[in-house]
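Atom set for the values below is all heavy atoms of this structure, side chains included, hydrogens, waters and symmetry mates excluded. Numbers restart at 1 for each chain; the letters A, B, ... are given by sequence-line order, proteins then strands.
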There are 2 protein chains.
Amino acid sequence: MIDNKLSEKEQLRNVGLKVTHPRMRILALLEESDQIHLSAEAVYRMLIDREEEIGLATVYRVLTQFEQAGILKRHNFETGHSVFELDRGEHHDHLLCTSCGGVEEFYDDRIETLQHEIAAQHQFEIADHALTLYGVCKNCL
Amino acid sequence: MIDNKLSEKEQLRNVGLKVTHPRMRILALLEESDQIHLSAEAVYRMLIDREEEIGLATVYRVLTQFEQAGILKRHNFETGHSVFELDRGEHHDHLLCTSCGGVEEFYDDRIETLQHEIAAQHQFEIADHALTLYGVCKNCL
DNA sequence: ATCGCTATTGATAATCATTATCATTTGCGT
DNA sequence: ACGCAAATGATAATGATTATCAATAGCGAT
Ligand SMILES: [Mn+2]
Ligand SMILES: [Mn+2]
Ligand SMILES: [Zn+2]
Ligand SMILES: [Zn+2]
């Protein structure tokens, strides 16, 4: 059985980031949170609630570093702020409820294939894509 | 042959907007511009270049009004600012070149259908969606 | 375990796009 | 031409994010 703290240390070392208190706490929070998708502000507030004294600037910095290191994915939904989630290795797209703000995930191979087909038609070298469906979720209906 | 100015007046009246100097100029600019996709700043600068004295706040206000009236579509690409285009009635999605900033358009019925299928699977009442492919365009390669 | 140096942190100022305020101006029905 | 509500424009305010910079803390070497 692997200890969580060690695992986080290793993750940071693997991506070449110094093991610091804020980075450990933020990574732990992201792994323990029941919310997969979190904004910088949300992370900051959760840390405050846990009595963790970490500056907001540091939260923004660390999240960006984690993104660049491949630990996190950043999403720019139409909510006015970025949302982050751990990169679980499997690409997916999102359904966003405009009523409760909830986020659901989906993956459809056929859509992925069609996107590449379209890029090819336009002689466009596709690097990334963003697909988000906006509407009202099951619970809110 | 229909006169352009009259046509713009009618458009404004049809959506219940008072025919004012700034609204006429902004609508004319959007219709005459060779660039389909324009930011508020871009519209403002183009007006300045044309010696039109229209405040930046008014540009933002009018673009938002046009959007709400259905004259314009607003896109939130990952560029840090909103981009507007005349609503030509036919929905489409975009390819965005991260090298030159150019925007291409596409429409694929199969993707549209799959999106509805996915929404249905999630018992999600879809209202809108945003699909943008990011990469490098033909010209930049 | 201590030293020293560089990376990191945190408080805060700055930035950028966009919106709010409010006194002045203007479109438009009478 | 009048009168007034709606629109405009200069500017302040906002909200998310980034930059600044002095103080602090990892971490490799001693
Ligand atoms: Mn996700
Ligand atoms: Mn378009
Ligand atoms: Zn919901
Ligand atoms: Zn290009």
Between [atom2] on [N] and [atom1] on [X], what's the gap in Å once rounded to a whole number?
X	N	atom1	atom2	value
Arg25(B)	dA7(D)	CZ	P	18 Å
Leu17(A)	dG26(D)	CG	C1'	13 Å
Asn76(B)	dG15(D)	CG	P	18 Å
Glu53(B)	dT8(D)	CD	C1'	13 Å
Ile54(B)	dA7(D)	CD1	P	15 Å
His21(B)	dG9(D)	NE2	P	8 Å
His81(B)	dG15(D)	NE2	P	22 Å
Glu67(A)	dT18(D)	CD	P	10 Å

Exercise. Inspect the surroundings of CD in Glu52(B) and state if more than 12 heavy atoms from other residues, nucleotides or ligands are less than 6.0 Å away.
Key: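 It does: Glu52(B) CD has more than 12 such atoms within range.
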Quiz prompt | Basic-acidic side-chain contact under 4.0 Å: Glu32(B), Arg50(B) | solution =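 Arg50(B) and Glu32(B): salt-bridged.
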Self-check item: Lys73(A) with Glu85(A): basic N within carboxylate O range, under 4.0 Å
Solution: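 Here Lys73(A) does not pair with Glu85(A) in a salt bridge, since their nearest N and O are not under 4.0 Å apart.
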Practice problem: Identify the 5'-most and 3'-most nucleotides of DNA chain C with at least one atom closer than 4.0 Å to a non-hydrogen atom of chain A. | Solution: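 Contact boundaries, 5' end first: dA7(C) to dT12(C).
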Quiz item: DNA chain C: Phe84(B) or Lys18(B), which has the more 5' nearest nucleotide?
Solution: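 The residue whose closest nucleotide sits nearer the 5' end is Phe84(B).
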Verify the contact: side-chain N or O of [X] to OP1 or OP2 of [N], cut-off strictly under 4.0 Å; return yes or no.
X	N	value
Ser82(A)	dA16(D)	no
Tyr60(A)	dT18(D)	no
Thr20(A)	dG26(D)	no

Quiz item: Does one hydrophobic cluster hold both Leu56(A) and Val83(A), with members joined at side-chain heavy-atom distances below 4.5 Å?
Solution: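 No, it is not one cluster - the side chains of Leu56(A) and Val83(A) are not joined through contacts under 4.5 Å.
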Quiz item: Looking for any heavy atom pair under 4.0 Å, which part of the strands does Glu41(A) touch: base, sugar-phosphate only, or nothing?
Solution: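 Counting heavy atoms under 4.0 Å across all strands, no contact is made by Glu41(A).
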Quiz item: Reckon Arg23(A) touches a base, only the sugar-phosphate, or nothing at all at heavy-atom distances under 4.0 Å?
Solution: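 Since only primed, P, OP1 and OP2 atoms lie under 4.0 Å of Arg23(A), the category is sugar-phosphate.
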Practice problem: Please state whether the rings of His91(A) and Tyr107(A) are parallel, tilted or perpendicular, taking 30° and 60° as the class boundaries. | Solution: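 The arrangement is perpendicular - the two ring planes meet at more than 60°.
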Quiz item: Only one of Asp87(A), Leu63(A), Thr64(A) clears side-chain contact (heavy atoms from CB on, under 4.5 Å) with Leu72(A); which?
Solution: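 So the option named by the test is Leu63(A).
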Quiz item: Atom CZ of Phe84(B) and atom CG of Leu38(B): how far apart are they, to the nearest 0.5 Å?
Solution: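 Here the interatomic distance stands at 10.0 Å.
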Quiz item: From dT8(D), dA10(D), dT17(D), pick the nucleotide closest to the side chain of Ala57(B)?
Solution: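 It is dA10(D).
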